[in-house]
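Worksheet for the structure shown next.
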Number of protein chains: 2
Amino acid sequence: MVTKKKSRPASPGLRQRRRLQTEEKIFLSAMHLFRDKGFVQTTVEEITRAAGVAKGTFFNYFPSKEHVLGFLIERQKGAVAAHLEMARAGQLPVPEVLKRLGHALTLFPGKSPQMARSVIAAFLANEDVRARISVEMSTGRQAVAEMIRLGQQRGQIRSDAVPAQLAHNFHRALIGTVVLWALDPVSPLKKHLEETIALVVAGACPAAQAPCPPARRKKEAQ
Amino acid sequence: MVTKKKSRPASPGLRQRRRLQTEEKIFLSAMHLFRDKGFVQTTVEEITRAAGVAKGTFFNYFPSKEHVLGFLIERQKGAVAAHLEMARAGQLPVPEVLKRLGHALTLFPGKSPQMARSVIAAFLANEDVRARISVEMSTGRQAVAEMIRLGQQRGQIRSDAVPAQLAHNFHRALIGTVVLWALDPVSPLKKHLEETIALVVAGACPAAQAPCPPARRKKEAQ
DNA sequence: ATAAAATATGACTAGCGGTCAACTATGACC
DNA sequence: GGTCATAGTTGACCGCTAGTCATATTTTAT
């Protein structure tokens, strides 16, 4: 017996379906509660009650409360991959793709300040989740660096910058924007994001664009 | 009796001294533990044990575990004020002052990844602390905006930008750098910070600023 | 039909932040 | 020095929560 196929040979199986259903129910209930009440204020019992299962069932699916949010990683991975594909296709200029990626990545935490705080709290609190996150973030940045490299080849991004470094700065700017908004959600995240991305992308575009002509040089003001 | 001076007329008082001492002991014990073990992993009882007082005493000084870190606000306020003064004095160019401010502000959370996580966790988890933080952050940004305005008058910062917006971006970049480092502390925070600040400051400098940072042009090397 | 495996359940535990009534030290006043 | 109100200390205690686990239930294989 090399392959441990066990008892999952060719059955779509009632169990399989149930399992996925239950997992989905728990996940969605958790997300709604996190969005409305926040991570800390939501108890596992509330989640399971909302999902219509017993408390113990939760831990058959997720090893800890934080791990539910670990699920988001998959979403983000998908988004990054899709945008990399988009960049490769070449229909859109890379800066535009980056802009869209920024919006896509912040879509979920941006659902509510509570949700943003929940995500950050969970990522920070749980050693295991954090470890996984940091790996995925790293590979995600590599993908972004690849997009940037493509943009450089096409003359859409200044080529005197190291792609990996630009990717890192992109990442930092995104995170900073979300966290600052989570701490102090004055206006919609989207607005902050526009500003941030505009800045980063502008800084990454070829020098040619000279967006600062009306710079009155007050030299003599000293 | 209009003035309720009560019993604190001219006494430095043993009580006063004791009170300050105890507060300091609790605060420092907490900081050490947070730095070494992290916020969540440190219990109030551990803190008080390390400080040599009973558990209940903790709550005579801080209304919650999170509030201990609220103390940092004062530090940060001081740092911002000092740097604003520095900028006003005009001995140093404003971009240099901003650079130093960035390092000063991240000094504390940068003591260890655990400490950074602790600060973020505490700020995010407690409603009350967060409210205070966001107020102070806002006034802090105003001060930074003021520095930037000064820099513009002196021709050290491009004047086609809105100071408040630049200040916001400065803030976002700092936060993003610290949070990303807290999630994934690969190299010293200082290094990341240098990069970030260099980028932001470069973006803020008058258009004259040549082509970006000293990046080796990788040419067509793949 | 029946055995075996997968899954669901909720009572239970350990440990935490925070409270509070009882206690002790301080210092103002005589 | 003695007295007493008040500030400050203490640790037993409470309510609550994440996570466990023995048991019960359901599905699947034979």
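Order of the sequence lines fixes the chain letters, A, B, ..., with proteins taken first and strands second; residue numbering starts at 1 for each chain. Everything quoted here is computed from the prediction, not taken from an experiment. The analysis underlying the following values was restricted to heavy atoms, covering all of them including side chains, and did not include hydrogens, waters or symmetry mates.
- In this structure, Lys55(A) atom NZ and dC12(C) atom P are separated by 13 Å, rounded to whole Å.
- The side chain of Arg19(B) has dG8(D) as its nearest neighbour among dA5(C), dG8(D), dG17(C).
- Straight-line distance from the CD atom of Glu23(A) to the C1' atom of dA6(C): 15 Å, rounded to whole Å.
- Residue-to-nucleotide contacts include no donor-acceptor pair under 3.5 Å from the side chain of Lys65(A) to the base of dG19(D).
- Nearest-nucleotide assignment on DNA chain C puts the 5′-proximal partner with Gly56(B), out of Arg18(B) and Gly56(B).
- Closest to the side chain of Tyr61(B), out of dG8(D), dT7(C), dC13(D), is dG8(D).
- Distance Phe58(B) CZ to dT19(C) P: 12 Å, rounded to the nearest Å.
- Between Lys37(A) atom NZ and dT17(D) atom C1' the separation is 12 Å, expressed in whole Å.
- Note on Arg100(B) versus Glu96(B): salt bridge recorded, some NZ/NE/NH1/NH2 to OD/OE distance being below 4.0 Å.
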Inset, instruction - Go through the steps to decide whether Leu98(A) and Ile148(A) satisfy the test side-chain contact (heavy atoms from CB on, under 4.5 Å), and finish with yes or no. - result: CA-CA 9 Å; Leu98(A) 288 178; Ile148(A) 291 174; 4.2 Å; yes

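- For Thr43(A), the listed nucleotide lying nearest its side chain is dT17(D); candidates were dG19(D), dT17(D), dG17(C).
- The distance between atom CD of Gln16(A) and atom P of dA5(C), rounded to the nearest whole Å, is 18 Å.
- Taking the six-membered ring where tryptophan is involved, the planes of Phe62(B) and Phe71(B) are perpendicular, since the angle between them exceeds 60° and thus also 30°.
- Of the candidates dT9(C), dG18(C), dT27(D), the closest approach to any side-chain atom of Arg15(A) belongs to dT27(D).
- Comparing Ala54(A) and Gln41(B), the nucleotide of DNA chain C nearest to each residue sits closer to the 5' end for Ala54(A).
- Among the nucleotides dT9(D), dA8(C), dA6(C), the one closest to the side chain of Asn60(A) is dA8(C).
- Side chain of Val53(B), nearest nucleotide from dG18(C), dA18(D), dT10(D): dT10(D).
- Taking the centre and axis of the six-membered ring of Phe170(A), the NZ or CZ atom of Arg141(A) falls outside the cone set by 45° and 6.0 Å.
- In this structure, Glu45(A) places its CD atom 14 Å from P of dC12(C), rounding to the nearest Å.
- Rounded to whole angstrom, the span from the CZ atom of Arg17(A) across to the C1' atom of dA6(C) amounts to 16 Å.
- Among the protein residues, Thr42(B) comes within range of the sugar-phosphate backbone only, with heavy atoms under 4.0 Å from sugar or phosphate atoms but none that close to a base.
- Between the C1' atom of dA22(D) and the CZ atom of Phe59(A) lies a distance of 17 Å, rounded to the nearest Å.
- Relative to the ring axis of Phe108(A), Lys111(A) places its NZ or CZ within 45° and under 6.0 Å from the centre.
- Closest contact between the side chain of Thr57(A) and the listed nucleotides dA18(D), dT9(D), dA8(C) involves dA8(C).
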